[in-house]
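Order of the sequence lines sets the chain letters (A, B, ...), proteins ahead of strands, with each chain counted from 1. Hydrogens, waters and symmetry mates are skipped; everything else that's a heavy atom, side chains included, is used.
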Amino acid sequence: MARAGKTTKRRYWLFKSEPDVYGIDRFVAEGRTFWDGIRNYQARNLLRDDVQVGDGVLFYHSNAKPLAVVGVAKVVRAGYPDHTAWESDSKYHDPKSDPDDPTWFMVDIECVERFERPVTREELMGESDLSEMMLLQRGSRLSIQPVTAKEWRRVLKLGGSSASW
DNA sequence: GCCAACGTTGGC
DNA sequence: GCCAACGTTGGC
């Protein structure tokens with residue numbers, strides 16, 4: 001169907017979170033959250049420019065036992081300024097971020113499901129189909145990562161996902 | 001707790 | 001603009 005404006009294909013992402021800071025339990029309980037505290041320019045660029053409403057998100061526990069993708073979320077609000085940069089009591093406080101030209105951005109995501117069974121990093125590494133996955137590359141530290149459609153489907157399948165996408 | 005791999009900062 | 005020092009991330 002022809003429409004004014006561009007239609008963007010849905011993309012997929014992986015967001016890392018340390019469960020001690022913000023884990024899947026809290027996400028499930030709250031249902032929705034804003035993804036604040038990203039203080040890396042590469043990740044910022046993705047949040048500001050590329051992550052769109054309707055995109056799918058793999059929720060990954062980093063610095064955890066076990067390391068695993070633990071659930072699925074969807075983006076419900078695209079990039080907007082991360083206001084925690086201007087909160088002096090926030091651990092993400094960054095007074096250098098100019099309110100008229102914000103340095104840091106965040107998005108809102110909504111919980112879709114927690115996997116029946118976490119898909120562990122070990123399990124991911126055993127999947128030859130996923131050997132190219134950014135998460136599994138040596139030295140990969142980016143906390144907001146693109147995921148291909150093929151990787152997305154594979155991980156959801158491993159997690160026993162019932163989500164319809 | 002270790003340390004590899006980055007990213008940032010700041011002197012020059 | 002270079003680069004050494006330092007800080008952080010995050011798997012192991």
Side-chain angles (χ1 to χ4, degrees), chain A residues 11-30 33-51 55-73 75 79-109 111-148 150-161:
Chain A
R11 298 193 209 183
Y12 304 101
W13 309 97
L14 179 144
F15 287 12
K16 290 183 191 172
S17 190
E18 301 190 21
D20 291 348
V21 177
Y22 192 93
I24 188 72
D25 290 344
R26 190 166 155 204
F27 187 40
V28 168
E30 294 181 354
T33 191
F34 49 87
W35 207 258
D36 61 334
I38 299 298
R39 297 291 179 269
N40 165 281
Y41 286 101
Q42 216 179 329
R44 184 282 308 270
N45 291 346
L46 294 175
L47 290 180
R48 186 189 59 191
D49 305 332
D50 297 323
V51 178
D55 286 358
V57 175
L58 298 175
F59 195 107
Y60 178 78
H61 278 173
S62 63
N63 264 328
K65 272 187 180 176
L67 295 166
V69 178
V70 290
V72 170
V75 178
Y80 63 104
D82 182 343
H83 54 75
T84 64
W86 303 305
E87 293 167 4
S88 56
D89 58 344
S90 170
K91 65 175 171 174
Y92 303 125
H93 185 221
D94 180 8
K96 294 197 298 297
S97 180
D98 177 355
D100 293 327
D101 183 16
T103 309
W104 307 115
F105 285 73
M106 58 187 183
V107 300
D108 291 357
I109 61 173
C111 187
V112 173
E113 64 174 342
R114 181 212 308 259
F115 283 158
E116 287 290 310
R117 198 175 50 83
V119 181
T120 64
R121 181 181 185 86
E122 196 176 11
E123 192 176 355
L124 293 173
M125 288 191 295
E127 294 287 323
S128 55
D129 287 354
L130 298 177
S131 60
E132 308 276 299
M133 203 173 172
M134 185 182 284
L135 179 73
L136 305 178
Q137 305 311 305
R138 183 178 162 82
S140 169
R141 295 193 310 174
L142 202 57
S143 57
I144 304 288
Q145 307 184 346
V147 170
T148 68
K150 188 177 140 196
E151 291 161 353
W152 172 264
R153 286 191 299 268
R154 192 88 190 97
V155 174
L156 262 61
K157 192 175 178 187
L158 290 169
S161 173

Which of B:dG7, C:dC12, B:dA5 is nearest the side chain of A:Q42? It is B:dG7

Rounded to whole angstroms, how far apart are CG on A:N40 and P on C:dG10? 9 Å

Please give, in whole Å, the distance from C:dT8 P to A:L142 CG? 18 Å

Distance from A:N40 atom CG to A:R141 atom CZ, nearest 0.5 Å? 8.0 Å

What is the separation between atom CZ on A:R44 and atom P on B:dG7, rounded to the nearest whole Å? 14 Å

Under 3.5 Å donor-acceptor, A:D36 side chain and A:H83 backbone: no

Main-chain N/O of A:T103 paired to A:R44 side chain as donor or acceptor, under 3.5 Å: yes

Counting only side-chain N and O atoms of A:Y60, is one of them less than 4.0 Å from OP1 or OP2 of C:dG11? yes

What's the closest nucleotide to the side chain of A:R121 if the choices are B:dA5, B:dG7, C:dG11? C:dG11

Is it true that A:Y92 and A:W86 have ring centroids separated by less than 6.0 Å? no

Separation of atom CG in A:L67 from atom P in C:dC12, rounded to whole Å: 7 Å

If only side-chain N and O atoms of A:K16 are considered, is one of them under 4.0 Å from the OP1 or OP2 phosphate oxygen of C:dT9? no

With a 3.5 Å distance limit and no angle check, can you tell me whether A:Q137 reaches the backbone of A:S131 through a side-chain donor-acceptor pair? yes

What's the CZ-C1' distance between A:F15 and C:dG10, to the nearest Å? 18 Å

Residues of residues 79-101 of chain A with a heavy atom under 4.0 Å from any atom of DNA chain B, listed by number, are none

Nearest of C:dG10, B:dG7, B:dA4 to any side-chain atom of A:N63? C:dG10

Taking NZ from A:K65 and C1' from C:dC12, how many angstroms apart are they, rounded to a whole number? 10 Å

Nearest listed nucleotide, side chain of A:Y41, among C:dC12, B:dA5, B:dT8: B:dT8

Any side-chain donor-acceptor pair under 3.5 Å between A:R39 and A:T84? yes

Using whole Å, what does the distance between atom P of nucleotide C:dT8 and atom CZ of A:R141 come to? 11 Å

Please verify the inter-ring angle class for A:F59 with A:F27; under 30° counts as parallel, over 60° as perpendicular, anything in between as tilted. parallel

For atom CZ of A:R39 and atom P of B:dT9, their distance in whole Å: 13 Å

